[in-house]
Undergrad: 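My questions will all concern the structure given below.
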Amino acid sequence: MPPAETILEARGLTKTFGTRTAVDDVSFRIGAGETYGLLGPNGAGKTTTISMVCGLMDRDAGEVTVAGSAMGPTAFEAKRAIGLVPQDLALYPDLSGRENLAFFGRLYGLRRAELRRRIDDVLGVVQLADRAEEKTEKYSGGMKRRLNIAIGLLHQPQLLILDEPTVGVDPQSRNAILASVERLGAGGLAVLYTTHYMEEAERLCDRVGIIDAGYLIAEGTRADLVALVGAEDRVQLGVAGAVEAAAMAIGEVAGVQQATTSEGTIHLIVKEARRLLPDILARAAAARATVNRVDVAEPDLEAVFLHLTGKALRD
């Protein structure tokens, strides 16, 4: 497939504060319909990077282009293409959800029928249509987060920036937020997503950039990043019958790096286990062994992140 249209391109972003370099020569791009995760421990430079991308902070060096327009202090076209959903809530508690949306919609320049239509649309996206007339002071933390996202979507941006949108929310609201982001990406919206929850990055992100101490130290798809650290899958087969014979036969499969046995279990170290499982199970059956349990532990982004930074994501 041809590459998606580039919506965001950041090249050589650099920002210093006194003698400290917060962001050092960071470059990345996001295409239409792509969700890009920017991951890093606290103080890594994520917020500074986002601030430069949005034109909220001057750059010492580098360039930002959003939807074909260069970002700068008066780059209204570039800024209009962005929907920014900050970590801090920006709501008026004494207004209803609909009234909050109407207020911010007018700031975006939306009026009358168009504003009403967009309010109805975004309430549907974030699943708050049935609570739209209630004052937001009565909303749960998760509902407020969803309304915050709705505000960022009102003007139909081409790039949605979500800065830790699920912090402090209940599981139901968290799942609703993640489902909304999935639908938005599938609908063609480019999304820049930061989170302290690695499972969110695993679920949502087409590509991930890992930033640490101001440097973008790795970038790619989940498979790219796992390959970068050379991690393999670990497979356990619960087996009855000819365990040793089955282990020997499975060990001959190309891609199986190790096959050992203990107490009715075959332990495997495998590259791309899910691709090789049909062949592995066929070899076990041919050796007159019955496989009654299969457990696959694939390397995940958490393991990659820890390997590259020496820290857990939430440190």
Undergrad: Compute whether any side-chain donor of one residue and acceptor of the other, for Ser180 and Gln127, lie under 3.5 angstrom apart.
TA: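 Per modelled atom types, Ser180 and Gln127 side chains form no pair under 3.5 Å.
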Undergrad: According to the interplanar angle, ranging from 0 to 90°, do the rings of Tyr36 and Phe28 count as parallel (below 30°), tilted (30 to 60°) or perpendicular (above 60°)?
TA: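 Rings of Tyr36 and Phe28: parallel, as their planes differ by under 30°.
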Undergrad: Is it the case that the side chain of Thr221 and the backbone of Asp224 share a donor-acceptor pair, with hydrogens and angles ignored and the cut-off at 3.5 Å?
TA: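 Looks like yes, one N/O pair under 3.5 Å.
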Undergrad: Distance from Ile7 atom CD1 to Leu159 atom CG, nearest 0.5 Å?
TA: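 Interatomic distance, Ile7 CD1 to Leu159 CG, rounded to 0.5 Å: 8.0 Å.
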Undergrad: Enter the distance from Thr261:OG1 to His267:NE2 here, rounded to the nearest 0.5 Å.
TA: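 Reported value, rounded in 0.5 Å steps: 7.5 Å.
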Undergrad: Please tell me whether Leu147 and Leu153 are part of a single hydrophobic cluster in this structure, the criterion being side-chain heavy atoms less than 4.5 Å apart.
TA: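 Yes: a chain of side-chain contacts under 4.5 Å links Leu147 to Leu153.
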Undergrad: How long is the gap from CE on Met143 to CG on Asn148, to the nearest 0.5 Å?
TA: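 The CG atom of Asn148 is 13.5 Å from CE of Met143, to the nearest 0.5 Å.
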Undergrad: Same cluster or not: Leu268 versus Val243, using hydrophobic residues (I, L, V, M, F, W, Y) connected whenever any side-chain heavy atoms lie under 4.5 Å apart?
TA: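 Shared cluster, yes.
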Undergrad: Flag the pair Pro157 / Ile82 as yes when at least one side-chain heavy-atom distance between them is below 4.5 Å, and no otherwise.
TA: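 Heavy-atom side-chain distance check fails, nothing below 4.5 Å.
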Undergrad: Atom OH of Tyr139 and atom CZ of Arg146: how far apart are they, to the nearest 0.5 Å?
TA: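 Reported to 0.5 Å precision, the distance equals 9.5 Å.
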Undergrad: On the six-membered ring of Tyr197, is Arg174 placed so that its NZ or CZ lies under 6.0 angstrom from the centre and within 45° of the ring axis?
TA: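 Output yes; distance and angle both within limits.
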Undergrad: Verify whether one side chain among Tyr92 and Asn100 offers a donor that lies under 3.5 Å from an acceptor in the other.
TA: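 Per modelled atom types, Tyr92 and Asn100 side chains form no pair under 3.5 Å.
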Undergrad: Count I, L, V, M, F, W, Y as connected when their side-chain heavy atoms are under 4.5 Å apart, and connections chain through other members. Are Val23 and Leu84 then in the same cluster?
TA: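 Looking at the clustering, Leu84 is in the same group as Val23.
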Undergrad: Check for a donor-acceptor pair, side chain of Lys79 on one end and backbone N or O of Cys54 on the other, with a separation under 3.5 Å.
TA: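 No, Lys79 side chain to Cys54 backbone: no donor-acceptor pair under 3.5 Å.
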Undergrad: Under a 3.5 Å distance rule, please check whether Arg207 uses its side chain to pair with a backbone N or O of Arg29 as donor and acceptor.
TA: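 Here the side-chain-to-backbone pair exists.
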Undergrad: Looking only at non-hydrogen atoms, find the nearest pair between Met52 and Leu13 and report the distance.
TA: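 Closest heavy-atom pair between Met52 and Leu13: CE-CB, 4.0 Å.
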Undergrad: Going only through I, L, V, M, F, W and Y residues with side-chain contacts under 4.5 Å, is there a path from Leu162 to Phe104?
TA: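 In one cluster with Leu162: Phe104, yes.
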Undergrad: Does any part of the side chain of Tyr193, heavy atoms only, come nearer than 4.5 Å to the side chain of Pro165, both counted from C-beta?
TA: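 Sidechains of Tyr193 and Pro165: in contact.
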Undergrad: Do other residues, nucleotides or ligands put more than 12 heavy atoms under 6.0 Å from the CZ atom of Arg288?
TA: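 Not buried by this count: 12 neighbours or fewer within 6.0 Å.
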Undergrad: Determine, using the 4.5 Å side-chain heavy-atom cutoff (strictly less than), whether Leu115 and Leu95 are members of one ILVMFWY cluster.
TA: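 Looking at the clustering, Leu95 is in the same group as Leu115.
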Undergrad: Within the supplied structure, the quantity of interest is the number of heavy atoms (other residues, nucleotides, ligands) at a distance under 6.0 Å from Asp130 CG; does it exceed 12?
TA: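 Yes, because the 6.0 Å sphere around CG of Asp130 holds more than 12 heavy atoms from other groups.
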Undergrad: Rounded to the nearest 0.5 Å, how far apart are CG of Leu237 and CG of Asp295?
TA: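 With rounding to 0.5 Å, CG (Leu237) is 8.5 Å from CG (Asp295).
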Undergrad: Between Glu200 and Arg203, does at least one N-O distance fall below 4.0 Å, as a salt bridge requires?
TA: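 A salt bridge is absent here (no side-chain N lies under 4.0 Å from a carboxylate O).
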Undergrad: Please determine which of Thr47, Thr49, Asp163 meets the side-chain hydrogen bond (donor to acceptor under 3.5 Å, both in side chains) test together with Thr194.
TA: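 Per the side-chain hydrogen bond (donor to acceptor under 3.5 Å, both in side chains) rule, the option paired with Thr194 is Asp163, out of Thr47, Thr49, Asp163.
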Undergrad: Check whether any side-chain N or O of Arg145 sits under 3.5 Å from a backbone N or O of Gln87 as a donor-acceptor pair, and report yes or no.
TA: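 Yes.
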Undergrad: What distance separates Asp206 CG from Arg222 CZ, expressed to the nearest 0.5 Å?
TA: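 Output value for this atom pair is 13.5 Å.
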Undergrad: Return the set of residues passing side-chain contact (heavy atoms from CB on, under 4.5 Å) with Ala75 (not counting sequence neighbours), or none when no residue passes.
TA: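 Here the qualifying residues are Met71, Ala78.
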Undergrad: Apply the side chain to side chain contact (heavy atoms under 4.5 Å, CB included) test between Leu301 and each candidate in Ile210, Val226, Leu225; give the one that qualifies.
TA: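 Testing each of Ile210, Val226, Leu225 against Leu301, the sole residue satisfying side chain to side chain contact (heavy atoms under 4.5 Å, CB included) is Leu225.
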Undergrad: Between Arg117 and Asp120, does at least one N-O distance fall below 4.0 Å, as a salt bridge requires?
TA: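 Between Asp120 and Arg117 there is no salt bridge, as every charged N stays at least 4.0 Å from the carboxylate O atoms.
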